Amino acid sequence: MNNKLKQTVNMFRNIAPEASSKGRPSVGAVLTIIIIIAAMVCLYGFTATEGKKLDEQISSLEEYVYNTDLILQIEDVTDMQGQIEEYNQYDSVLQAAYDSLVSQSAFHGGIYDNIVQVKPERVSFTGLSFKENTLTIECITQDNLPPADFAQALDELKIFDVVEYQGFSGSPADGYVFTIACVLQKGGESA
């Protein structure tokens with residue numbers, strides 16, 4: 001029995017020890033680590049250059065945005081746009097007033113010329129006003145006959161829908177004062 005045991009012990013002596021994987025890394029593991037480190041360095045370099053490009057773009061845009069000349073130009077353009085808007089509103093109001101006047105009768109120089117042609121010589125105008133399609137003629141005369149004649153002559157012109165004459169007041173010494181209200185024809189110019 002001793003012999004068998006000895007042989008067994010001797011047998012372990014003759015067997016070469018196996019190489020331990022714990023002590024030394026394999027070539028594949030070393031290459032993998034080198035590739036990972038190289039990829040990380042490349043990725044870091046790429047992100048650093050891209051970050052630098054982005055920083056340059058940001059500083060360029062900040063320079064553009066905070067440029068005082070550009071800010072003044074933008075303020076000028078904004079002011080001009082505000083003025084243009086005010087002019088457009090003013091133009092709209094004027095257009096509405098014009099349309100309103102055109103939709104009513106228009107008092108113009110031709111009507112005034114017709115009135116002056118039929119006015120008696122002894123009658124003087126003291127006032128003329130035009131409001132809401134009505135022409136009001138205020139007059140004075142030294143004779144009591146011309147007021148009625150003047151009202152009738154205006155009616156015969158056929159440029160007014162209505163000619164109103166309420167009479168006169170006053171005396172021969174101070175003059176006779178009277179008013180004639182003439183309603184212009186609606187829907188366009190009176191001839």
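Since the structure is predicted, the reported quantities are computational estimates derived from the model, not experimental observations. Below, all heavy atoms of this structure are taken into account, side chains as well, without hydrogens, waters or symmetry copies.
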Closest non-hydrogen atom pair, Leu184 against Ile159: CD2-O, 4.2 Å
Work out which heavy atom in Val163 is nearest to a heavy atom in Ala151; give both atom names and the distance. CG1-O, 3.6 Å
According to side chain to side chain contact (heavy atoms under 4.5 Å, CB included), who are the partners of [X], at least two apart in sequence or on a separate chain?
| X | result |
| --- | --- |
| Val116 | Tyr112, Phe125 |
| Ile36 | Thr32, Met40 |
| Val30 | Pro25, Ile34 |

Cluster partners of [X], using ILVMFWY side-chain heavy atoms under 4.5 angstrom, listed by chain and number?
| X | result |
| --- | --- |
| Ile58 | none |
| Ile140 | Val177 |
| Leu43 | none |

Exceeds 12 heavy-atom contacts within 6.0 angstrom, atom CD of Gln166: no
Glu50 meets the salt bridge (Lys or Arg N to Asp or Glu O under 4.0 Å) criterion, sequence neighbours left out, with Lys53
Among residues at least two apart in sequence or on other chains, which ones pass salt bridge (Lys or Arg N to Asp or Glu O under 4.0 Å) with Asp143? Arg122
Tell me, with the steps shown, if Asp155 and Phe160 meet side chain to side chain contact (heavy atoms under 4.5 Å, CB included). CA-CA 7 Å; Asp155 192 34; Phe160 303 111; 5.9 Å; no
Using side-chain hydrogen bond (donor to acceptor under 3.5 Å, both in side chains) as the criterion, list what pairs up with Gln152, not counting sequence neighbours. Glu156
Excluding sequence neighbours, so at least two apart, what forms side-chain hydrogen bond (donor to acceptor under 3.5 Å, both in side chains) with Asn144? none
Can you tell me how far the [atom1] atom of [X] sits from the [atom2] atom of [Y], to the nearest 0.5 Å?
| X | Y | atom1 | atom2 | result |
| --- | --- | --- | --- | --- |
| Cys139 | Tyr176 | SG | OH | 15.5 Å |
| Leu145 | Phe150 | CG | CZ | 15.0 Å |
| Thr78 | Gln81 | OG1 | CD | 5.5 Å |
| Cys182 | Ile115 | SG | CD1 | 6.0 Å |
| Leu54 | Thr49 | CG | OG1 | 9.5 Å |
| Leu154 | Lys119 | CG | NZ | 11.0 Å |

Residue pairs fulfilling salt bridge (Lys or Arg N to Asp or Glu O under 4.0 Å) with at least one residue in residues 38-49, sequence neighbours excluded: none
Would you check, one step at a time, whether the test side chain to side chain contact (heavy atoms under 4.5 Å, CB included) holds for Val183 with Leu135? CA-CA 6 Å; Val183 179; Leu135 174 66; over 6 Å; no
Val118 vs Asp149 side-chain heavy atoms within contact, under 4.5 Å: no
For Ile137 and Thr179, what are the C-alpha separation, side-chain angles and deciding distance, and is it a side chain to side chain contact (heavy atoms under 4.5 Å, CB included)? CA-CA 6 Å; Ile137 307 168; Thr179 301; over 6 Å; no
Show the atom names and distances, to 0.1 Å, of all donor-acceptor pairs under 3.5 Å that link a side chain in residues 67-76 to residues at least two apart or in another chain.
{"from": "Asn67", "atom 1": "OD1", "to": "Asp69", "atom 2": "N", "distance (Å)": "3.0"}

Tell me whether the centres of the aromatic rings in Phe178 and Phe168 are closer together than 6.0 Å. no
